[in-house]
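Scope of the values below: all heavy atoms of this structure, side chains included, with no hydrogens, waters or symmetry mates.
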Amino acid sequence: MDEQALLGLNPNADSDFRQRALAYFEQLKISPDAWQVCAEALAQRTYSDDHVKFFCFQVLEHQVKYKYSELTTVQQQLIRETLISWLQAQMLNPQPEKTFIRNKAAQVFALLFVTEYLTKWPKFFFDILSVVDLNPRGVDLYLRILMAIDSELVDRDVVHTSEEARRNTLIKDTMREQCIPNLVESWYQILQNYQFTNSEVTCQCLEVVGAYVSWIDLSLIANDRFINMLLGHMSIEVLREEACDCLFEVVNKGMDPVDKMKLVESLCQVLQSAGFFSIDQEEDVDFLARFSKLVNGMGQSLIVSWSKLIKNGDIKNAQEALQAIETKVALMLQLLIHEDDDISSNIIGFCYDYLHILKQLTVLSDQQKANVEAIMLAVMKKLTYDEEYNFENEGEDEAMFVEYRKQLKLLLDRLAQVSPELLLASVRRVFSSTLQNWQTTRFMEVEVAIRLLYMLAEALPVSHGAHFSGDVSKASALQDMMRTLVTSGVSSYQHTSVTLEFFETVVRYEKFFTVEPQHIPCVLMAFLDHRGLRHSSAKVRSRTAYLFSRFVKSLNKQMNPFIEDILNRIQDLLELSPPENGHQSLLSSDDQLFIYETAGVLIVNSEYPAERKQALMRNLLTPLMEKFKILLEKLMLAQDEERQASLADCLNHAVGFASRTSKAFSNKQTVKQCGCSEVYLDCLQTFLPALSCPLQKDILRSGVRTFLHRMIICLEEEVLPFIPSASEHMLKDCEAKDLQEFIPLINQITAKFKIQVSPFLQQMFMPLLHAIFEVLLRPAEENDQSAALEKQMLRRSYFAFLQTVTGSGMSEVIANQGAENVERVLVTVIQGAVEYPDPIAQKTCFIILSKLVELWGGKDGPVGFADFVYKHIVPACFLAPLKQTFDLADAQTVLALSECAVTLKTIHLKRGPECVQYLQQEYLPSLQVAPEIIQVFFQRAKP
């Protein structure tokens with residue numbers, strides 16, 4: 001072997017050596033016999049370096065996985081002998097191999113097993129067991145091999161082909177017939193021999209039993225001698241976690257419901273008599289987490305048995321199963337309420353399914369009602385944050401608690417299905433007692449009290465949030481709680497979690513304020529002062545900006561008395577913060593978007609006359625326009641690139657804010673009806689000069705383009721005079737991305753205004769196409785994926801533009817470009833339909849061709865178009881599906897094929913028998929299509 005290359009296997013080797021080692025590995029993989037050198041090195045223990053040994057196993061692994069069928073019988077025998085020789089050597093080694101080498105060896109054994117077990121190596125396990133016997137090193141490797149085999153055969157995370165899946169099924173069936181009882185016996189012997197002397201091997205063996213029990217005959221494991229041993233392991237500290245997991249797998253195994261019930265009950269009796277149900281005596285939380293998972297498995301298994309028995313009409317056994325479930329509820333509750341969230345989380349499945357049973361029962365016993373209440377109290381307690389939760393810098397622990405809270409919410413929703421009255425009464429009791437004394441109560445208790453009220457909105461569902469009508473007792477209870485929330489002063493609580501929960505809840509129950517509008521002023525003040533938008537925490541300010549926007553939108557009819565007051569109070573929050581003033585704004589630019597939208601909503605939905613709305617909108621937008629002009633001048637003079645970027649950002653924010661105010665308009669309240677057209681036209685005139693700024697083009701163009709999109713919707717034809725000059729500027733010095741983003745704007749104008757913009761489109765059609773072609777023809781690096789993708793997206797945009805023009809009844813825009821240009825455009829569409837392996841573009845091209853045939857394909861069509869149909873469009877319909885890249889397993893390609901068929905059908909409709917004659921006598925024979933196939937084609941094509 002290349003000793004110099006092997007030096008690069010060391011993790012500390014320099015990059016040149018590592019590169020050489022990598023190249024050597026690739027070389028050995030390709031070489032037909034290099035693997036034999038590695039096999040020999042392993043069998044004869046030539047190398048002591050761990051990385052070289054690992055490398056040798058990697059080469060063997062590649063050989064077995066990808067090239068095994070190419071080997072001769074003698075070579076295959078050599079690989080088997082090499083592995084057995086290596087295994088024998090392990091029995092004598094003074095030190096065991098490193099774990100990573102043992103694991104890699106096990107993988108190679110497993111790969112060879114799945115390849116050879118059914119044909120050449122049926123005695124695989126007997127050969128290995130005869131080598132390892134009960135030698136601890138041998139046993140360790142034997143167990144690792146078993147886990148690797150299970151991984152190959154059963155692991156659902158490994159994607160197998162259907163052929164591999166069939167092979168794996170056959171291997172498992174054969175193993176069950178031939179060797180599983182012997183393997184189970186070997187596991188029993190290993191456990192018996194090592195349970196007190198070698199915990200590592202014992203735990204490995206328990207893991208193997210747990211893995212295999214899912215697909216072997218359960219009676220081999222679920223018998224007195226095995227179960228008694230596993231239960232014995234539950235009392236040995238170093239083994240009990242693995243024993244718990246192993247028992248869990250036994251319990252989880254699918255089986256007859258009555259047998260499963262008996263198995264679970266016998267396990268529970270032994271565990272209970274051994275004291276395992278006394279949770280409060282146990283201090284080891286890691287073990288309790290596993291034990292909780294086991295109890296969860298037993299509980300869910302009993303519930304599955306109960307469901308099956310009910311379905312089968314076996315009422316007697318179903319009753320027994322229900323009784324067995326009920327006796328586990330006390331233990332379930334102890335685990336659910338445990339202070340460790342992992343322990344609690346592991347039992348939630350059992351708890352959820354138990355509530356599902358109660359939901360199906362017509363009458364609940366007193367004990368069952370008590371259980372429901374106990375679960376409810378446990379959920380309420382466990383929803384509470386602990387002291388360690390870091391609200392300012394949330395990490396992994398905090399994320400896990402958020403996930404755990406989501407699980408508890410599902411339990412709460414299920415509780416509501418079982419007993420909505422009880423849930424409402426319990427939440428009301430907790431909420432009322434907590435908010436009575438919120439000033440002296442810890443933050444986490446106040447937060448959870450408000451959170452529970454918030455959660456009721458989903459737990460007790462109603463249509464369109466109508467919580468305060470319909471069921472009188474429910475509406476009354478929720479109304480009382482909301483009244484308490486907004487009048488108690490709890491919004492002043494000095495903790496971010498409570499503040500946020502307050503605002504989330506008032507927005508969730510916004511319909512309360514239509515019933516009791518007298519509370520709106522105090523809630524608005526909370527939003528606007530130090531409790532909300534001016535809170536010391538940026539996180540609270542940011543979330544409040546969004547929630548305030550939602551609150552105002554949902555209650556816009558109730559806002560009229562407060563509009564001017566609100567607009568005055570948010571004035572400072574609307575200020576555009578230029579980079580040079582060094583002042584840190586209270587809100588980020590993203591948060592300000594919500595405030596501008598809110599201001600727009602207040603003005604547009606007010607009951608003021610149009611003149612007043614216009615004045616208010618002008619007051620809102622004039623400071624933006626003035627600031628924009630000043631900043632644009634500064635940008636033109638700025639030398640430093642960083643300063644240019646920050647000024648451009650600020651200009652972009654100004655355009656974005658103005659754009660966002662326009663979201664307040666609707667079909668019922670248009671810009672015209674509100675008298676605001678002039679204000680937005682002034683904005684357009686202010687913003688458009690930014691398009692001619694040579695600095696920071698990307699960001700400025702992007703902002704103005706978005707504003708134009710909005711104005712096309714809001715101002716309608718009033719925007720048209722601005723479009724030609726805006727388009728001219730946006731087409732200068734274009735990159736692929738600029739064009740890609742500009743084309744949707746032209747599409748929007750074309751689709752909306754159609755014939756009104758025909759002169760403009762005719763004028764800018766070829767300049768736009770020249771810009772597109774120029775970018776598409778630019779040379780790019782062969783492997784530049786990003787450039788290739790940009791060109792593909794631009795090509796799609798170009799075809800989408802042509803589709804919009806033809807689909808909007810504007811084909812004369814193309815027809816009036818002169819014969820040469822028209823032909824060039826049509827040829828690009830034919831290329832798009834046939835030559836580029838992009839089914840989305842192909843589909844669009846066939847839609848364009850179909851439309852053009854419909855418009856121009858008749859007898860009175862443009863001169864020469866009929867020839868073009870037969871020379872180019874008809875062939876395209878056949879050549880595109882014949883391309884190797886035309887993959888009918890792809891959904892988009894199927895759509896492209898469908899449009900291709902529509903195009904042919906349209907040609908036939910427009911040209912009649914002439915089309916059939918051309919296909920039959922000229923085109924299809926030119927493709928060497930046999931006459932009988934042509935005949936079949938036309939028979940199938942008939943409607």
Side-chain angles (χ1 to χ4, degrees), residues 45 50 53-54 57 83-84 86-110 113 124-151 179-213 216 220-250 270-271 274 276 284 286-287 289-291 293-294:
R45 290 179 284 165
D50 294 330
K53 294 176 197 171
F54 187 79
F57 272 119
L83 290 178
I84 291 294
W86 180 85
L87 190 60
Q88 286 168 332
Q90 302 315 301
M91 308 300 108
L92 308 168
N93 267 4
Q95 289 296 321
E97 294 286 10
K98 294 273 182 7
T99 306
F100 70 93
I101 295 175
R102 284 180 275 162
N103 285 339
K104 180 52 74 179
Q107 281 174 2
V108 178
F109 269 103
F113 168 80
F124 177 88
F125 292 110
F126 298 102
D127 290 350
I128 285 175
L129 282 168
S130 64
V131 172
V132 304
D133 194 25
L134 281 173
N135 177 305
R137 290 217 193 121
V139 168
D140 170 89
L141 282 160
Y142 164 60
L143 295 170
R144 285 176 198 276
I145 291 167
L146 284 169
M147 285 308 291
I149 287 170
D150 179 75
S151 216
C179 65
I180 287 295
N182 300 77
L183 295 186
V184 172
E185 185 55 38
S186 73
W187 303 337
Y188 183 78
Q189 296 301 330
I190 291 166
L191 292 173
Q192 202 173 36
N193 266 279
Y194 289 111
Q195 58 187 335
F196 302 117
T197 58
N198 191 328
S199 59
E200 197 178 327
V201 163
T202 309
C203 285
Q204 267 180 279
C205 192
L206 289 169
E207 192 184 350
V208 168
V209 175
Y212 278 72
V213 82
I216 65 173
L220 294 168
I221 305 295
N223 50 51
D224 287 348
R225 69 169 192 158
F226 237 110
I227 295 295
N228 287 338
M229 184 185 285
L230 292 175
L231 290 167
H233 293 164
M234 291 283 286
S235 304
I236 301 171
E237 198 166 328
V238 286
L239 305 181
R240 61 186 187 161
E241 287 182 27
E242 279 299 341
C244 236
D245 284 352
C246 188
L247 284 170
F248 170 78
E249 295 298 340
V250 171
V270 179
L271 290 169
F276 285 103
D284 182 350
D286 289 337
F287 168 68
R290 307 280 186 106
F291 181 69
K293 182 182 161 192
L294 172 60

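Between the side chain of Ser186 and the backbone N or O of Leu183, at least one donor-acceptor pair lies under 3.5 Å.
Taking both residues in full, the closest heavy atoms of Leu239 and Cys203 are given as CD2-SG, 3.9 Å, listed atom of the first, atom of the second, then distance. Ala106 approaches Ala148 most closely through the heavy-atom pair O-CB, 3.6 Å. Scanning all heavy atoms of the two residues, the minimum distance from Cys179 to Phe125 falls at SG-CD1, 3.6 Å. Of all heavy-atom pairs spanning Pro136 and Asn198, the tightest one is CB-ND2, 4.1 Å. Ala243 and Leu230 get closest at one heavy-atom pair: CB-O, 3.9 Å. Across Arg102 and Glu97, no two heavy atoms sit closer than the pair NE-O, 2.9 Å.
Ring geometry for Phe109 against Phe124 counts as perpendicular: the plane angle is over 60°, on a 0 to 90° scale with 30° as the lower cut. In this structure, Trp86 and Phe57 have perpendicular ring planes: the angle between them is above 60°, well past the 30° mark.
Under 4.0 Å is where a charged nitrogen must lie from a carboxylate oxygen, and between Arg225 and Glu185 at least one such pair does. With respect to Arg137 and Asp140, no salt bridge is recorded, no charged nitrogen being found less than 4.0 Å from a carboxylate O.
Taking the salt bridge (Lys or Arg N to Asp or Glu O under 4.0 Å) definition, one finds that Arg240 meets it with Glu282, Asp284, sequence neighbours left out.
In the model, Asn103 has a side-chain atom that pairs as donor or acceptor with a side-chain atom of Arg144 under 3.5 Å.
In this structure the side chain of Thr202 never reaches within 4.5 angstrom of the side chain of Ile236, judged on heavy atoms. Looking only at side-chain heavy atoms (C-beta outward), Tyr212 and Val184 stay at 4.5 Å or farther from each other. Using a 4.5 Å heavy-atom threshold, the side chains of Leu87 and Tyr142 count as separate. Leu247 has its side chain within reach of Leu231: a pair of non-hydrogen atoms, C-beta onward, lies under 4.5 Å apart.
The environment of Glu200 atom CD is sparse: at most 12 non-hydrogen atoms of other residues, nucleotides or ligands sit within 6.0 angstrom.
Both tests hold for Lys293 against Phe248: distance to the six-membered ring centre under 6.0 Å, angle to the ring axis within 45°.
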